[in-house]
Every structure is written in structure tokens, then in C-alpha cells.
Amino acid sequence: MTPCSRSRVRLAALVLPLALPLSVLAACGGGGEDDAGAGDGPAVTVLSEDDLASILTTAGEVPAGFLEREPTDDEDSTIFAGTCLAEVDGFDEVAGDPAEEARTEFASPDESVMIGSGASSYDSVDQVSQALTGFADQLEGCTAVTTTTEDGVTLDLQVTVDDAVTVAGADEQLTLTLAGTLEAEGQSFPASVTGVATRLGNNLTTVLVNEFGVTGSIAVPELAAAQLERLEALLD
């Protein structure tokens, strides 16, 4: 292993817990009913955990060598304390718990790239649709963050939020991007977090990619589109 590679591995150990938590876009929690929801709103189809798991990004869709692992829970991370992101509630806090959910995660061998995939079913269309709007509203005006951890890692990131629907078939979409630089151990690297959430009825799919040292290595829109296609097939 070269000195540069060793440095990247050490930085990964510092940076991985700093990544925007998956719970920001992929709701955490669960434990509801498996059957169709009831109420006065639009008709809903609450999928089972197994069905939701079949929607997730697969090993065949990520680069060779990536390892699947249990999703990272960073809900208690304080990396963004004192910045505008600290004022943003996680998506699950806005929406409430889904009826059912499934999640997985892949990481590159040196952990410089992480791919999170999630799918969740809610008890109503309004529950998830209003939460997407509320989450986006919270981020309005939060356009940049700069923070330094107790380990001496500095993140300087630009924040963008886009609600344009670019994934075919989605009822709603939210794309969140944090892009900029990471400085640690006297070195500076590009760093980014890209998340895409797509809603179809009362169901939500999410893809979240964290990259440092590289940018654009993962085709996030394509992964989001593949997940939504699998969701559409289940609902047909």
C-alpha cells in the first residue's frame, strides 16, 4: 500500500462518520402493517419489507470490488453543529416512521466512496409527499456549510436542493447535493454527498452517495431510476 493509499484509508476512518446521515433522506424506523392502507386520501399500497428489499441497489449495479454491509447509522453525529444543517430535521422526523422499510449500503475497498440505498412504504400519500416538501423547505436558505471536527477535519461544502423530476415515472423527486472540499492531515480532497429521493404513490426510494478524493464516480441518477423501475414493477 502506497503512502497515499494509507492516507486515504486513515482519512476514511475520520470522514465516514461525518457523512450526511442516511436518515436525512432514507427514513429510519418501521414496523407497520403489510396490507393496503385505508383512509380518505389517495389509494395506497404498503409493501412488505421483502418487497422493499427487492427494490434496493444490487451488487451488480455498483463498481467491482465494492462490499455490501449493514447501513451506517449516524443520527447522533455532531459534524454539522453550528451550521444551518444542524437546524434541519431528518426526513424521518418530518414524515414519521414508515410502515415498512429496507436499506442497504456498499463501500469501496478504501471506503472513499459509500453508496446507500433505501426503500420505504408509508401509510398515506400525504404523509410522504408533505414530508418531502417540508424537508426541502427547511433547506431553503442553507446554501453553504463550513465545519471543523475535533479530529481536525474541515469540510467546506456548497448545498443545493432541487425538486425537479428527472427520474421517469416518479410522482415527486428531491435531489440534495453537498459538494466542496475536505481538508485533513495537511491534504485537501474533493468531497461530495449526493442524494436522490423519488416518490411513487405512498412509496419512497432513496440513493445517497458519499465521495471524497473522487467526484462523479457513481451515476446516482441511474441508480435512482433502476430502483424506481423495480418499484413500478411491483406496483403493476
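The distance from atom CG of D50 to atom CD1 of I55, rounded to the nearest 0.5 Å, is 11.5 Å. A distance of 10.0 Å separates CZ in R103 from CG in L208, rounded to the nearest 0.5 Å. Separation of atoms OG (S120) and CG (L52) is listed at 7.0 Å; rounding is to 0.5 Å. Taking CG of L228 as the start and CG of N203 as the end, the distance is 10.0 Å to the nearest 0.5 Å. Here the straight-line distance linking atom CD of E101 with atom CG of L56 works out to 10.0 Å at 0.5 Å rounding. Between the OG atom of S121 and the CD atom of E100 there is a distance of 7.5 Å, given to the nearest 0.5 Å.
Minimum interatomic distance between A170 and V165 (heavy atoms only, all atoms of both residues): O-CG1, 3.7 Å. G201 and V128 get closest at one heavy-atom pair: O-CG1, 3.9 Å. Scanning all heavy atoms of the two residues, the minimum distance from L234 to D51 falls at CD1-O, 3.4 Å. Here the shortest heavy-atom pairing between N202 and Y122 reads ND2-O, 2.7 Å. The two residues A136 and L174 make their nearest non-hydrogen contact at CB-CD1, 3.8 Å. Nearest approach of V159 to L176, heavy atoms of both residues: CG1-CD1, 4.0 Å.
The closest side-chain heavy-atom distance from T177 to V161 is not below 4.5 Å. The shortest distance between side-chain heavy atoms of V209 and V193 does not fall below 4.5 Å. For the pair F66/V113, a side-chain contact is recorded, criterion being any heavy-atom separation below 4.5 Å from C-beta on. At least one side-chain heavy atom of C142 sits less than 4.5 Å from a side-chain heavy atom of L85. Side-chain contact between T147 and T154: absent, with no pair of heavy atoms (C-beta onward) separated by less than 4.5 Å. Within the 4.5 Å cutoff, the side chain of M114 has heavy atoms near those of the E105 side chain. The shortest distance between side-chain heavy atoms of S192 and L178 does not fall below 4.5 Å. With contacts defined as side-chain heavy-atom distances shorter than 4.5 Å, the pair P63/I218 qualifies.
One hydrophobic cluster, built from ILVMFWY side chains closer than 4.5 Å, holds both V196 and I115. Under the 4.5 Å side-chain heavy-atom criterion for ILVMFWY residues, a single connected hydrophobic cluster contains both L235 and V167.
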### Task
Any chance you could lay out the side-chain hydrogen bond (donor to acceptor under 3.5 Å, both in side chains) test for D110 and S112, step after step, and finish with the verdict?
CA-CA 5 Å; D110 64 358; S112 62; 2.8 Å; yes
### Task
Just do the side-chain hydrogen bond (donor to acceptor under 3.5 Å, both in side chains) check on T146 and D156 with the steps written out, would you?
CA-CA 4 Å; T146 300; D156 186 3; 3.1 Å; yes
### Task
Apply the test side-chain contact (heavy atoms from CB on, under 4.5 Å) to residues V153 and L182: give CA-CA distance (whole Å), side-chain angles for both, the deciding distance (0.1 Å), then the verdict.
CA-CA 7 Å; V153 177; L182 175 153; 3.9 Å; yes
### Task
Report the C-alpha distance between E68 and T104 in whole Å, list the side-chain angles of each, state the deciding distance to 0.1 Å, and finish with yes or no for side-chain hydrogen bond (donor to acceptor under 3.5 Å, both in side chains).
CA-CA 7 Å; E68 189 168 10; T104 193; 2.5 Å; yes
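Counting only distance, with no hydrogens or angles, the side chain of Q127 and the backbone of A95 share a donor-acceptor pair below 3.5 Å. A side-chain donor-acceptor contact under 3.5 Å links E211 to the backbone of S217. Distance alone, capped at 3.5 Å, places no donor-acceptor pair between the T148 side chain and the G152 backbone.
For D137, the salt bridge (charged side-chain N to carboxylate O under 4.0 Å, His left out) criterion is met by no residue, not counting sequence neighbours.
Checking D163, T198, D162, T166 one by one against Q173, the side chain to side chain donor-acceptor pair (under 3.5 Å) holds for a single residue, T166.
Listed by first and then second residue, the side-chain hydrogen bond (donor to acceptor under 3.5 Å, both in side chains) pairs that reach into residues 227-236 are T57-Q227, E61-R230, S117-Q227, sequence neighbours excluded.
When only modelled atom types and interatomic distance are considered, E172 and S129 share a side-chain donor-acceptor pair under 3.5 Å.
A salt bridge links R69 to E111: one of the charged nitrogens lies within less than 4.0 Å of a carboxylate oxygen.
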